[in-house]
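Quick caveat, the model's predicted, so the values are computed rather than measured. Naming: A, B, ... by sequence-line order, numbering from 1 per chain.
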Protein chains: 2
Amino acid sequence: MTTNARLATPVMAAPVMVPDHRHLGACAHCDARPHSVCNAVPAVDMARLAAASTTGIAQPGTCFVEEGAKADAFFNITAGTARLFKLLPDGRRQIMGFAGVGHFIGLAVSSTFTFSAEAIDHVHYCRFSRPRLRALLDDFPAMEQKLLEVTSSELVAAQEQMLLLGRKTARERLASFLIAESRHNAGCHLPRRQFALPMTRGDIADYLGLTIETVSRTLTRLRHEGLIEIPSAGDVVILDRDGLERLAEGLT
Amino acid sequence: MTTNARLATPVMAAPVMVPDHRHLGACAHCDARPHSVCNAVPAVDMARLAAASTTGIAQPGTCFVEEGAKADAFFNITAGTARLFKLLPDGRRQIMGFAGVGHFIGLAVSSTFTFSAEAIDHVHYCRFSRPRLRALLDDFPAMEQKLLEVTSSELVAAQEQMLLLGRKTARERLASFLIAESRHNAGCHLPRRQFALPMTRGDIADYLGLTIETVSRTLTRLRHEGLIEIPSAGDVVILDRDGLERLAEGLT
DNA sequence: GGTTGGCGTTGATCTGGATCAAACCGAGGC
DNA sequence: GCCTCGGTTTGATCCAGATCAACGCCAACC
């Protein structure tokens with residue numbers, strides 16, 4: 001039942017804050033902009049956007065958002081990947097998802113964060129203080145609209161995950177996960193046959209509500225059945241996408 | 001693993017559409033308004049709000065939103081309660097939540113509904129076609145802001161449920177559920193010691209990712225331990241709130 | 001080249017909750 | 001009053017996945 005107890009007391013980031021004497025055009029050249037809610041702000045107002053935020057980097061393994069801490073700011077990831085998770089007092093962990101480039105974190109009505117965010121690799125982010133974000137949203141309703149769209153999509157994804165966690169078997173969970181990852185990693189292109197799994201088996205287990213051992217066993221079983229191939233622990237090739245998709249939906 | 005297979009083919013509502021020659025002040029006298037996103041529209045614009053929607057009633061046991069159907073409208077519940085759920089092809093059901101007065105349903109970026117909504121009792125609702133809602137939101141940014149707040153809160157609740165479904169034991173799930181229901185049923189007042197459970201054991205099971213038998217057994221166990229009392233199947237009294245809350249958080 | 005340490009895999013065993021089965025109970029209906 | 005029927009409870013048994021325990025692999029480091 002318990003998972004990596006080490007995680008019960010997450011390492012808090014010693015935040016590497018970049019002093020914000022940034023060139024005002026910083027946002028204009030941001031790689032993450034096409035993937036983020038920021039693209040709702042028109043190009044001419046990029047300076048306004050840049051002025052509302054500061055940037056920072058979280059080192060691998062450190063938390064830059066901690067569950068229960070005062071939610072005085074919002075984060076927009078511009079590089080790297082973070083795991084978002086909640087912990088029970090005894091160390092049991094549930095990963096809510098993995099946040100990549102363009103992902104917005106910390107939009108909460110409550111005054112404290114409801115989950116933690118831990119950098120998997122080097123995570124670059126923009127930080128908006130609450131009042132400044134509020135001011136931005138008031139000035140740019142299109143950004144608020146975009147934020148609503150993004151939040152709605154996350155809610156839909158969360159509900160899909162509730163179905164997975166509440167009613168699917170281990171095989172179905174892994175199949176669903178692999179299908180979703182293959183779509184996700186493919187970016188804008190068609191879903192790839194081969195793709196990388198950057199997270200550990202422990203992360204996958206805590207995302208799917210299973211144990212490390214069950215994840216490992218189930219993957220090798222899917223391999224023996226000819227549905228997938230596993231060139232190395234971090235790579236997967238889908239051999240029978242239809243079969244995997246049927247499995248993910250609970251058929252057979 | 002399977003749950004009530006009867007539900008695999010939900011009864012579609014023969015919708016009782018009320019022809020909309022409504023008095024334009026209908027929204028002004030709406031009981032649900034204080035609980036709904038509609039209260040973001042100023043009182044002087046009630047006529048505009050009323051003109052954008054039609055009303056309807058769903059009979060108990062009928063679906064007024066069906067997963068996979070074209071999402072051409074949004075619903076706002078003005079009376080009654082509905083269960084929101086997703087199904088797997090073999091009939092396994094996961095309930096995402098129970099929607100009461102003021103609850104907004106069907107806000108999706110996707111073109112189809114991602115879950116079904118089934119009336120538990122007589123459900124009265126307002127129906128907004130997509131384009132009309134879009135127009136309303138454009139005219140009243142405060143409504144869009146309110147909608148973002150509500151959606152964010154739902155996302156937070158969904159993530160809490162993911163923790164429950166992925167990592168909590170049956171006892172912890174029931175304890176969490178009872179605490180949440182006691183808060184919810186209390187309305188604006190302090191959480192009540194006694195409250196009603198309007199849904200069936202089957203609904204509770206499909207909401208918590210358990211079976212009917214486990215729900216029943218776990219409730220009687222909590223009763224024997226002196227944490228709760230069960231005057232009748234539909235009523236619960238909390239005898240030891242602290243104990244229940246500790247259990248819900250995974251302590252002991 | 002040996003050691004350490006962090007994953008990942010595999011095997012043996014255990015168990016919480018599912019499944020199968022039966023009895024109970026209260027609200028209608030006649 | 002008796003019967004039916006849906007929902008609920010309780011008991012016996014089963015099993016998918018957890019837990020406990022080795023072991024393998026490989027990269028980092030002396």
Side-chain angles (χ1 to χ4, degrees), chain A residues 1-7 60-61 83 88 90-94 120 164-175 196-224 228-236 247 250 252, chain B residues 1-7 60-61 83 88 90-94 120 164-175 196-224 228-236 247 250 252:
Chain A
M1 181 57 65
T2 64
T3 46
N4 227 336
R6 169 181 65 80
L7 290 157
R83 56 176 80 88
L88 290 172
D90 63 1
R92 278 175 284 173
R93 182 177 69 158
Q94 179 65 42
I120 293 182
L164 180 149
L165 293 170
R167 290 301 179 209
K168 289 187 183 177
T169 66
R171 294 184 77 217
E172 290 163 357
R173 293 181 199 202
L174 261 301
L197 290 182
M199 64 292 283
T200 67
R201 295 288 187 268
D203 286 339
I204 299 173
D206 286 350
Y207 183 51
L208 300 180
L210 300 170
T211 59
I212 292 178
E213 294 94 326
T214 299
V215 169
S216 180
R217 267 188 260 273
T218 306
L219 284 176
T220 58
R221 185 171 161 205
L222 293 176
R223 180 162 58 81
H224 287 146
I228 59 171
E229 197 43 73
I230 309 180
S232 77
D235 291 284
V236 180
L247 185 50
T252 73
Chain B
M1 178 58 65
T2 65
T3 44
N4 231 335
R6 168 183 63 82
L7 291 156
R83 53 176 82 91
L88 290 173
D90 62 2
R92 279 176 283 172
R93 183 178 68 156
Q94 178 65 41
I120 293 181
L164 180 149
L165 293 170
R167 290 302 180 207
K168 289 187 182 177
T169 65
R171 294 184 76 217
E172 291 163 356
R173 293 181 200 202
L174 261 302
L197 290 182
M199 65 290 287
T200 69
R201 295 288 186 267
D203 285 340
I204 298 174
D206 285 349
Y207 182 52
L208 300 180
L210 300 170
T211 58
I212 292 178
E213 294 95 326
T214 298
V215 169
S216 180
R217 268 187 258 273
T218 305
L219 283 176
T220 57
R221 185 169 161 206
L222 293 177
R223 178 161 60 79
H224 287 146
I228 59 172
E229 198 42 75
I230 309 179
S232 78
D235 291 285
V236 180
L247 186 51
T252 73

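- Atom NZ of Lys168(A) and atom P of dA16(D) are 19 Å apart (whole Å).
- In this view, Arg217(A) satisfies the salt bridge (charged side-chain N to carboxylate O under 4.0 Å, His left out) rule with no residue, not counting sequence neighbours.
- Atoms CZ (Arg167(A)) and C1' (dA16(D)) sit 15 Å apart, rounded to a whole Å.
- Distance CG (Leu208(B)) to P (dG16(C)): 19 Å, rounded to an integer number of Å.
- With rounding to whole Å, Ile120(A) atom CD1 is found 15 Å from dC7(C) atom C1'.
- As a whole-Å value, the separation of Leu174(B) CG from dG16(C) P is 16 Å.
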Report summary line: Counting primed atoms, P, OP1 and OP2 as sugar-phosphate and everything else as base, the B/S/- map of nucleotides 9-14 of chain C against protein heavy atoms under 4.0 Å is BBBB--
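- Take Arg201(B) and apply the salt bridge (charged side-chain N to carboxylate O under 4.0 Å, His left out) test, not counting sequence neighbours, and it matches no residue.
- At whole-Å resolution of the value, CG in Asp206(B) and P in dA18(C) are 11 Å apart.
- When atom types are taken as modelled, the side chain of Arg223(B) and the backbone of Ile228(B) share no donor-acceptor pair closer than 3.5 angstrom.
- The CG atom of Leu210(B) sits 10 Å away from the C1' atom of dA18(C) (whole-angstrom rounding).
- Looking at heavy-atom distances under 4.0 Å, Gly209(B) makes contact with sugar-phosphate atoms alone, never a base.
- The separation between Arg92(A) atom CZ and dG16(C) atom C1' is 13 Å, rounded to whole Å.
- With sequence neighbours excluded, the residues forming a side chain to side chain contact (heavy atoms under 4.5 Å, CB included) with Thr214(A) are Ala170(A), Leu210(A), Thr211(A), Thr218(A), listed by chain and number.
- Checked against side chain to side chain donor-acceptor pair (under 3.5 Å), Ser232(B) has the following partners two or more places apart in sequence or in another chain: Asp235(B).
- In the set dA18(D), dT8(D), dA18(C), the nucleotide with an atom closest to the side chain of Thr200(B) is dT8(D).
- In this structure, the salt bridge (charged side-chain N to carboxylate O under 4.0 Å, His left out) partners of Arg221(B), at least two apart in sequence or on a different chain, are Glu225(B).
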